[in-house]
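Notes to accompany the following structure.
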Amino acid sequence: MKKELTAMALLVLLCCGAAFNIRHINSFTGEISACLERSEAAAQAGDFQGALEALDECIGLWDGQHSYTNVFIRHPELDASYESLFEIQELLFQEDGRAAASAYSQMRYRLECIAYMEKPSLGSIF
Amino acid sequence: MAIIIIRTLIIYFALLVTMRLLGKRQLGEMELTEFILAAVIADLAAHPLQDIGIPLINGLIPIVVLFCCEVIISGLSLRHIRLRSCLYGKPSMLIVRGKIVQRELRRNRFTLDELMEELRNQSCLDISLIEYAILETDGKLNVILYPAERPVTPSQLGIDCGQGGYPLIVISDGKVLEANLKHLGRDENWLAKQLKSRDIKSPRDVFLMTVNKSGQIYFSAMEEQP
């Protein structure tokens, strides 16, 4: 009986770990999304310097989760996210607000996908 | 992480139901849950090895989940007969008192050719000599001959074969296993006498030496190294 109870406890622990993972990923993708929105708002208002500063903050937040995301998220997803962030940065340097808007949407979508992929739903399971 | 756990559980139970429905033949000497574990676990472990873009935890979590499922299910089936028969099924009698039970053959999708092959594997050429042939839950066919056709035993012939006993290894590849020596009620002096009687100077010159409770010794000296 000991072995079975240990196995059940291990399963419960894994489920708790999964729940924590969902919460954490939701939390930091939400933070980065909010930061991106601030950057986008600044870019749309013509304040590209302010947009760049806000974007640097986003990159900093994303980098801060580097160890965690490398363990739990597929690396191609992470690479694609970095590419999107640097693409936005490049467009902001060029002060191309319209192209940057598209890049911001793309990055927000990537973050939503990352959060969605971790949440149990029919779409993500099947 | 949650998705991996849920997917692993879905796949595990889907395989369980599928293999259960397919029947015993596919199992080939493994119980149902063991077969699933063996089939799935190696492939799961290989994915992160082949593609370094996949986090290692994506391979480890399914392994842990499968392990937990196997432990829980095997533990529960140990305690509940109905669950056991639901998961593993029941043995099927394919031959009863020399007659092939065709209904059971059809139910297990066991062809006559396969039956004859299995009987030949067990050196049974005459079906009329077989009292029972049972297809076990792990897919193995067990043949039980009529008592008159079974090999004779020494006790039936009134031959006294002595006590026999399980041989314990006392020297393995030159090393003395003192725990086994003690278990046999022997000591180093007795061992030294045995080696001396075989012109062996040291246990290091012995590859294998086994002794049973009756005192029977098997001895194999170390071959000379080239």
Could you tell me which portion of [X] (side chain, backbone, both or neither) has an atom closer than 4.5 angstrom to a non-hydrogen atom of chain B?
X       : result
N70(A)  : backbone
M117(A) : backbone
I22(A)  : side chain
I73(A)  : backbone

- [ ] Using side-chain contact (heavy atoms from CB on, under 4.5 Å) as the criterion, point out the one residue from V211(B), V170(B), N212(B), T210(B) that pairs with I217(B).
- [x] V211(B)
Open item on the list: Please determine whether the number of non-hydrogen atoms from other residues, nucleotides or ligands lying under 6.0 Å from atom NE2 of H75(A) exceeds 12.
Closed with: yes
TODO: Assess whether atom CZ of R79(B) is packed by more than 12 heavy atoms of other residues, nucleotides or ligands within 6.0 Å.
DONE: yes
Open item on the list: Counting only non-hydrogen atoms closer than 4.5 Å, does I10(B) touch chain A with its backbone (N, CA, C, O), its side chain (CB onward), both, or neither?
Closed with: side chain
Task: Residue pair N21(A), Y68(A): steps toward the side-chain hydrogen bond (donor to acceptor under 3.5 Å, both in side chains) verdict - done: CA-CA 10 Å; N21(A) 181 53; Y68(A) 187 89; 2.5 Å; yes
Open item on the list: I want to check something: taking the side chain as every heavy atom from C-beta on, are M1(B) and I61(B) in contact at a cut-off of under 4.5 Å?
Closed with: yes
